[in-house]
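The analysis underlying the following values was restricted to heavy atoms, covering all of them including side chains, and did not include hydrogens, waters or symmetry mates. Note on naming: letters A, B, ... go to the chains in the order of the sequence lines (proteins, then strands), and numbering restarts at 1 for each one.
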Amino acid sequence: MPELPEVETVRRGLAPVMEGRVIAVAQVNRPDLRWPLPERMAERLTGARVIGLGRRSKYILVALSTAETLIIHLGMSGRMIIAGKTTGQFLHAAPVAAKHDHVILEMDDGTRITFNDARRFGAMDLCPSDQVERHRLLQDLGPEPLGNSLDEDYLCARLKGRNTPVKAALLDQRVVAGLGNIYVCEVLHRCGISPRRKAGRLSQRRAASLVPAIRTVLDEAILAGGSSLRDYRQADGELGYFQHAFRVYGREGQACRTPGCDGQVRRIVQSGRSTYYCPACQT
DNA sequence: ACACGACCCTGTTCGC
DNA sequence: TGCGAACAGGGTCGTG
């Protein structure tokens with residue numbers, strides 16, 4: 001489900017209810033998600049104060065007073081559901097876990113945060129806070145696209161010589177962190193670049209144009225609260241609405257939204273995933 | 001090093 | 001209406 005804008009939206013939703021608060025009770029309902037959960041996870045979380053919520057790529061980082069950081073990945077279907085007095089949901093009932101409620105954190109003010117993940121492609125791990133960047137899941141990630149570390153020279157250098165379609169290159173988290181299927185499609189459309197074009201065969205100028213497009217698309221999506229496909233929601237239960245701004249994603253057969261272009265959006269499959277693009281204006 | 005496919009798991013949607 | 005196939009936003013791993 002979640003690409004960088006969705007994860008950032010979830011982080012922003014969680015921060016006000018978690019930061020500064022103590023995890024009063026941690027309930028872990030199964031031994032694994034995608035991988036085994038850390039040893040004694042519930043004990044290590046219970047009693048810890050949340051110092052701050054960060055994000056790296058599609059990972060939420062919960063820094064704890066115990067000098068450990070809880071690393072959370074939402075996978076495809078993972079959701080963080082907040083229930084508390086401010087959300088209008090009832091807390092009177094005993095914490096009956098709904099289907100796929102795998103981890104429940106009850107904060108010291110009674111707010112409950114539930115990690116629900118039907119497909120279980122999500123992950124959680126605990127790691128010493130000073131070694132988060134060296135964690136196996138994070139160590140090979142490329143630069144954050146919204147930080148200063150992604151610049152045009154870097155991206156051109158990384159795409160140079162690559163024989164893979166630019167679509168696949170941008171999905172590669174070692175090149176740029178946080179892009180997923182949706183936003184790569186949208187970025188390529190805005191740049192007028194065909195997803196099938198070999199990464200190494202882009203002119204310097206066109207490759208460079210990807211950088212501001214990546215920033216713009218991600219910024220706009222975060223501003224819109226992410227994209228809601230299927231049942232994805234923000235942490236507060238609200239729907240994101242960036243999906244209405246999609247120019248190609250999920251729009252097979254519909255008119256291209258590039259001004260002056262009379263093309264029609266087409267769907268192809270690249271490395272097993274759907275790619276949407278306009279053959280008329282993306283070359 | 002790179003490129004590609006299989007795989008992980010469940011739920012929803014689509015076609016017959 | 002029922003049923004299987006296809007598909008879904010993630011990432012890892014093994015192969016050639």
Side-chain angles (χ1 to χ4, degrees), chain A residues 1-10 29-37 55-60 71-80 98-102 115-125 135-142 145 157-188 195-201 217-218 221-222 224-235 239-253 267-276:
Chain A
M1 155 211 2
E3 303 182 28
L4 188 154
E6 290 73 39
V7 176
E8 176 61 19
T9 299
V10 170
N29 293 334
R30 56 172 301 129
D32 56 4
L33 294 170
R34 174 162 188 183
W35 297 290
L37 288 164
R55 178 189 59 73
R56 173 78 168 103
S57 186
K58 300 167 190 170
Y59 296 89
I60 294 170
I71 300 173
I72 303 173
H73 195 287
L74 300 173
M76 299 263 264
S77 54
R79 295 196 286 159
M80 303 296 292
K99 206 173 180 189
H100 308 306
D101 284 353
H102 304 312
F115 177 79
N116 179 288
D117 182 12
R119 217 173 152 186
R120 247 186 295 131
F121 280 16
M124 286 196 196
D125 201 5
H135 190 277
R136 69 177 181 94
L137 293 171
L138 280 74
Q139 62 181 355
D140 293 325
L141 292 173
R158 288 303 300 260
L159 297 182
K160 203 168 182 175
R162 289 197 62 165
N163 195 34
T164 197
V166 62
K167 162 86 183 313
L170 292 179
L171 277 177
D172 186 340
Q173 300 297 298
R174 296 168 302 183
V175 175
V176 182
L179 292 178
N181 203 35
I182 293 177
Y183 295 106
V184 168
C185 290
E186 295 297 316
V187 165
L188 289 170
R196 322 166 71 140
R197 179 168 291 274
K198 306 280 193 201
R201 298 205 165 273
V217 168
L218 295 181
I222 290 170
S227 304
S228 294
L229 276 69
R230 300 184 171 70
D231 59 351
Y232 167 75
R233 307 230 162 185
Q234 300 178 29
L239 291 166
Y241 48 89
F242 188 73
Q243 67 277 10
H244 303 301
F246 288 167
R247 298 190 187 175
V248 283
Y249 190 84
R251 298 190 60 246
E252 182 178 19
R267 184 181 87 96
I268 59 173
V269 175
Q270 291 180 293
S271 45
R273 317 187 106 99
S274 290
T275 296
Y276 296 89

S.K.: Measuring only the P atom in each nucleotide, how far is C:dC3 from B:dC9? A whole number of Å is fine.
M.R.: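 It comes out at 25 Å once rounded to the nearest Å.
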S.K.: Can you check whether A:N163 has a side-chain N or O nearer than 4.0 Å to OP1 or OP2 of B:dC2?
M.R.: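 Looking at the OP1 and OP2 atoms of B:dC2, neither is under 4.0 Å from any side-chain N or O of A:N163.
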S.K.: Taking side-chain hydrogen bond (donor to acceptor under 3.5 Å, both in side chains) as the definition, give me every residue that meets it alongside A:K167, ordered by chain and number, with sequence neighbours left out.
M.R.: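 With sequence neighbours excluded, A:K167 shows a side-chain hydrogen bond (donor to acceptor under 3.5 Å, both in side chains) to A:N181, A:T275, given in chain and number order.
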S.K.: If you only use heavy atoms from C-beta on, which nucleotide in C:dG9, B:dC4, C:dG11 is closest to the side chain of A:K58?
M.R.: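 Nearest nucleotide to the side chain: C:dG11.
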S.K.: So, using ring-ring contact (aromatic ring centres under 6.0 Å, His included) as the criterion, who are the partners of A:H135 when residues are at least two apart?
M.R.: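 A:H135 satisfies ring-ring contact (aromatic ring centres under 6.0 Å, His included) with no residue once adjacent residues are dropped.
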S.K.: Would you please confirm or rule out a distance under 4.0 Å between OP1 or OP2 of B:dG11 and any side-chain N or O of A:H100?
M.R.: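 Affirmative; the distance criterion is met.
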S.K.: Who pairs with A:E8 by side-chain hydrogen bond (donor to acceptor under 3.5 Å, both in side chains), at least two apart in sequence or on another chain?
M.R.: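 Testing A:E8 for side-chain hydrogen bond (donor to acceptor under 3.5 Å, both in side chains), a comparison that skips the adjacent residues, returns A:R11, A:R12, A:R55.
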S.K.: For A:R56, give me all partners under side chain to side chain contact (heavy atoms under 4.5 Å, CB included), at least two apart in sequence or on another chain.
M.R.: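 For A:R56, the residues satisfying side chain to side chain contact (heavy atoms under 4.5 Å, CB included) (neighbours in sequence not counted) are A:L61, A:E133, A:L138, A:L141, A:E144, A:A177.
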S.K.: For A:H102, what residues pass the side chain to side chain contact (heavy atoms under 4.5 Å, CB included) criterion, not counting sequence neighbours?
M.R.: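 A:H102 satisfies side chain to side chain contact (heavy atoms under 4.5 Å, CB included) with A:R30, A:L33, A:H100, A:F115, A:D117, A:R120 once adjacent residues are dropped.
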S.K.: Has A:R267 got a side-chain N or O lying under 4.0 Å from the OP1 or OP2 atom of C:dC7?
M.R.: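 Indeed, a polar side-chain atom of A:R267 lies that close.
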S.K.: Hey, is A:F121 doing a stacking thing with B:dC8, by the 5.5 Å centroid and 30° angle criteria?
M.R.: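 A stacking contact exists, since A:F121 sits close and nearly parallel to the base ring of B:dC8.
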S.K.: If a pair satisfies ring-ring contact (aromatic ring centres under 6.0 Å, His included) and one of its residues is in residues 160-183 of chain A, list it, with sequence neighbours excluded.
M.R.: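 Pairs touching residues 160-183 of chain A that pass the test: A:Y183-A:F242.
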S.K.: Of the nucleotides C:dA8, B:dA3, B:dG11, which one has an atom closest to the side chain of A:Y249?
M.R.: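 Of the options given, the side chain of A:Y249 lies nearest C:dA8.
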S.K.: Under 3.5 Å between N/O atoms: give me all the protein pairs with nucleotides 12-16 of chain C, atom names plus distance.
M.R.:
unit_1: C:dT12; atom_1: O4'; unit_2: A:R34; atom_2: NH2; d: 3.3

S.K.: Requiring both pairing distances under 3.5 angstrom, list the stems that contain DNA chain B and are made of three or more consecutive Watson-Crick or G-U pairs.
M.R.: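 Listed by first number, the stems are B:2-8 with C:10-16, B:10-16 with C:2-8.
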S.K.: Identify, residue by residue, the members of residues 165-176 of chain A with a heavy atom below 4.0 Å from DNA chain B, and return them in order of residue number, or none.
M.R.: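 Residues of residues 165-176 of chain A that come under 4.0 Å of DNA chain B do not exist, since none gets that close.
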S.K.: Please collect all salt bridge (charged side-chain N to carboxylate O under 4.0 Å, His left out) contacts where either partner lies in residues 240-252 of chain A, sequence neighbours excluded, each pair once.
M.R.: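 Residue pairs passing salt bridge (charged side-chain N to carboxylate O under 4.0 Å, His left out), neighbours aside: A:E252-A:R267.
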S.K.: Is the phosphate of B:dG11, meaning OP1 or OP2, less than 4.0 Å from a side-chain N or O of A:R119?
M.R.: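 Answer no for this pair, as no side-chain N or O of A:R119 is under 4.0 Å from OP1 or OP2.
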S.K.: Kindly write out the residues that satisfy side chain to side chain contact (heavy atoms under 4.5 Å, CB included) with A:K198, not counting sequence neighbours, or none if the list is empty.
M.R.: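 Residues passing side chain to side chain contact (heavy atoms under 4.5 Å, CB included) with A:K198: A:N163, A:R201.
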S.K.: Can you list everything that forms a salt bridge (Lys or Arg N to Asp or Glu O under 4.0 Å) with A:R174? Sequence neighbours excluded, please.
M.R.: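 For A:R174 the salt bridge (Lys or Arg N to Asp or Glu O under 4.0 Å) partners, ignoring immediate neighbours, are A:D172.
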S.K.: Using the P atoms only, state how far B:dC14 lies from C:dG9, rounded to an integer number of Å.
M.R.: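 That atom pair is separated by 15 Å.
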S.K.: Please tell me if A:S77 has a side-chain N or O lying less than 4.0 Å from either OP1 or OP2 of C:dG10.
M.R.: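 Indeed not, no polar side-chain atom of A:S77 lies that close.
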S.K.: Heavy atoms from C-beta onward define the side chain here; which of C:dG9, C:dG11, B:dG11 lies closest to that of A:K99?
M.R.: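 Selected nucleotide: B:dG11.
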